[in-house]
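Please read these numbers as outputs of a predicted model, since none were measured by experiment. Letters A, B, ... mirror the listed sequences (proteins, then strands); counts begin at 1.
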Amino acid sequence: MARAKDAYVPELIHPASVDEAAAELARLGDEGEPIAGATWVMLGPLHKRPTKMHYVAVAGLAELRALELNGATATIGAAVTHSQLADGIDGEGPLAALAHAAVGTPRAIANVATVAGNICARPYPAADIVAALLALDAQVDARIGDDASSVDLGEFMRGAPTPGSLVTRVRATAIGQAARSCYERLTIRASGEEAVASVALAVDVDGQTVREARVVFGAVEAQARRCREAEDALIGDALSADSAAAAGRVAAEELDVAEGPDAPVDYKRRVLPGLMKRAVARLAAGGEDA
Amino acid sequence: MPDTKPATLTINGRELELDVPPFYPLAVVLREELGLTGTKTGCFEGRCGACTVIVDGETVVACIYPVGLAYGKSVLTVESLAEPTGPLSSLQQNFLEKGAVQCGVCTPGMLMTLTNLLERTPQPSEDEVRDALSGNLCRCTGYRKIIEATLATAEAAR
Ligand code: FES
Ligand code: FES
């Protein structure tokens, strides 16, 4: 299929360092944006999303590609890819939700799709990494020029990224002393597609009893979000298929379910209890796909 | 001042200088600027995998990969797997022998995905082959013979 060359006019700037990237973006303000794997930008015209005239390429900056793991904490460079997460994070450890969220993407996309791309894309209800990061109490570090700031991911997701800013890294921490997490996605085919609904689950257990929980649903509302009512339904009980289904039913009532391209509202509501059961079964299986 | 146009890249071992806009899709550059028509395009939106090539050792879908991101990098297309008159690669030969090719539109993308898999994981399980293929669609073969050809290639390399 022939493509007119003049449809691809934006400038692509290759900074040599993070400092240079931050300075360029601050100078460009609303006229520019960082770009890493470019999947979102390249599909922008097809989905009638506004595009910029200037993009600052950040995927090659080593500092932004660093993934540091320390027990229940991950410090994730903005340009860390889904493949890096899938290969680097233990699928049975406290941060397993991130590894599970990263493997649903076909490898050729996962090799270029980045963490910052996932959290900066709007609107993107099915952003797998966002849901997993929300369950892991993530903080987002960003810069405008030389000014650095840090914000809770939930807060970051409430608006569009600030013009002129560069996300530099995301820090995720599993809750509690005996933390476990997982991510489950429902797709129409077995894999390789956006989720129709997903859930990221992180719990801290005391013996058999859930002491603390994070339950985040993706692809259900317009954006991934924590459902505190579902969390309350899990806390104080043992993790079981029954408690999971009950939490899923609470979520189906509480969430403002939005129609997706592959599933109507009623379908999404109905699958939430089953999805929660799968997530809890996966936790019980130590991260294996149950 | 950041560099805006370092427009050289290496394609199948040959260093090239290009004069195309940086957001021109790599697949279009390969096919229309360089005549490397082995890389196919199907959906043009990153869903079918027909356009899969390898950039610096990792697969990418070339239909939504801007050529400007490949500057300074090494790109391998299906043309890199065998010389025009030379023997096919072991994977290509197994595709042929096992009947893993019908219309052939998906084949170059399949070959690049699976060549990359066998480099990363020389002895993959059937599940690993299936997982690797999650981004490559085939409307003809039903995948079975593609998986068999891949496992036979791994077996022969043991
Ligand atoms: S043409 Fe590139 S993924 Fe379909
Ligand atoms: S052989 Fe025809 S699409 Fe695969």
Side-chain angles (χ1 to χ4, degrees), chain A residues 1-17 20-21 23-25 27 35-47 51-60 81 83-84 86-87 103-113 187 189-194 289, chain B residues 1-7 19-29 31-33 40-73 109 112-113 116-117 120 127 130-137:
Chain A
M1 191 188 319
R3 301 269 146 156
K5 276 190 199 170
D6 55 11
Y8 298 92
V9 292
E11 178 190 31
L12 183 61
I13 299 167
H14 293 268
S17 66
E20 217 170 78
E24 272 301 303
L25 287 161
R27 181 182 68 79
I35 194 169
T39 53
W40 187 259
V41 171
M42 292 295 275
L43 290 171
L46 183 70
H47 296 288
T51 49
K52 301 289 180 187
M53 286 307 292
H54 311 273
Y55 288 96
V56 178
V58 298
T81 62
S83 292
Q84 278 179 275
D87 296 345
V103 292
T105 312
R107 188 88 191 179
I109 300 286
N111 284 337
V112 296
T187 52
R189 290 195 315 140
S191 63
E193 287 187 349
E194 282 188 3
D289 220 344
Chain B
M1 180 65 191
D3 198 350
T4 53
K5 290 183 182 66
D19 181 23
V20 289
F23 279 88
Y24 218 36
L26 178 59
V28 179
V29 174
R31 290 179 55 82
E32 294 175 16
E33 301 288 322
K40 305 297 181 226
T41 54
C43 65
F44 234 103
E45 51 178 297
R47 289 181 182 272
C48 74
C51 64
T52 305
V53 299
I54 297 173
V55 177
D56 272 1
E58 296 193 323
T59 51
V60 306
V61 278
C63 64
I64 55 170
Y65 190 83
V67 66
L69 289 186
Y71 294 161
K73 296 184 176 170
M112 298 316 282
T113 294
N116 183 256
L117 171 71
R120 288 185 289 116
D127 278 353
R130 286 177 179 277
D131 272 357
L133 288 178
S134 72
N136 290 80
L137 304 186

Under 4.5 Å from any heavy atom of chain B, what part of A:Ala110 do you find: side chain, backbone, both or neither? neither

Is A:Val56 close to chain B through its backbone or its side chain, or both, or neither, when contacts mean heavy atoms under 4.5 Å? neither

Step by step, work out the side chain to side chain contact (heavy atoms under 4.5 Å, CB included) result for A:Val112 and B:Val61. CA-CA 9 Å; A:Val112 296; B:Val61 278; over 6 Å; no

At their closest point, which heavy atom of [X] faces which heavy atom of [Y], and how far apart are they?
X	Y	result
A:Pro106	B:Gly135	CB-CA, 3.5 Å
A:Ile109	B:Ile64	CD1-CD1, 4.1 Å
B:Leu69	A:Ala38	CD1-CB, 3.8 Å
B:Pro22	A:Leu12	CB-CB, 3.8 Å

Keeping to residues at least two apart or across chains, list the salt bridge (charged side-chain N to carboxylate O under 4.0 Å, His left out) pairs with something in residues 61-71 of chain B.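 For residues 61-71 of chain B: none.
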
With a 4.5 angstrom heavy-atom cut-off, could you sort out which part of B:Leu117 is near chain A: side chain, backbone, both or neither?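 Neither part, no heavy atoms under 4.5 Å.
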
Enter the distance from [X]:[atom1] to [Y]:[atom2] here, rounded to the nearest 0.5 Å.
X	Y	atom1	atom2	answer
A:Met42	B:Leu26	CE	CG	9.0 Å
B:Ile54	A:Asn111	CD1	CG	10.0 Å
B:Leu133	A:Arg107	CG	CZ	13.5 Å

Who wins among B:Pro66, B:Gly68, B:Gly109, B:Gly46 for the most heavy-atom pairs under 4.5 Å with chain A? B:Pro66

Non-hydrogen side-chain atoms of B:Phe23 and A:Val41 separated by less than 4.5 Å: yes

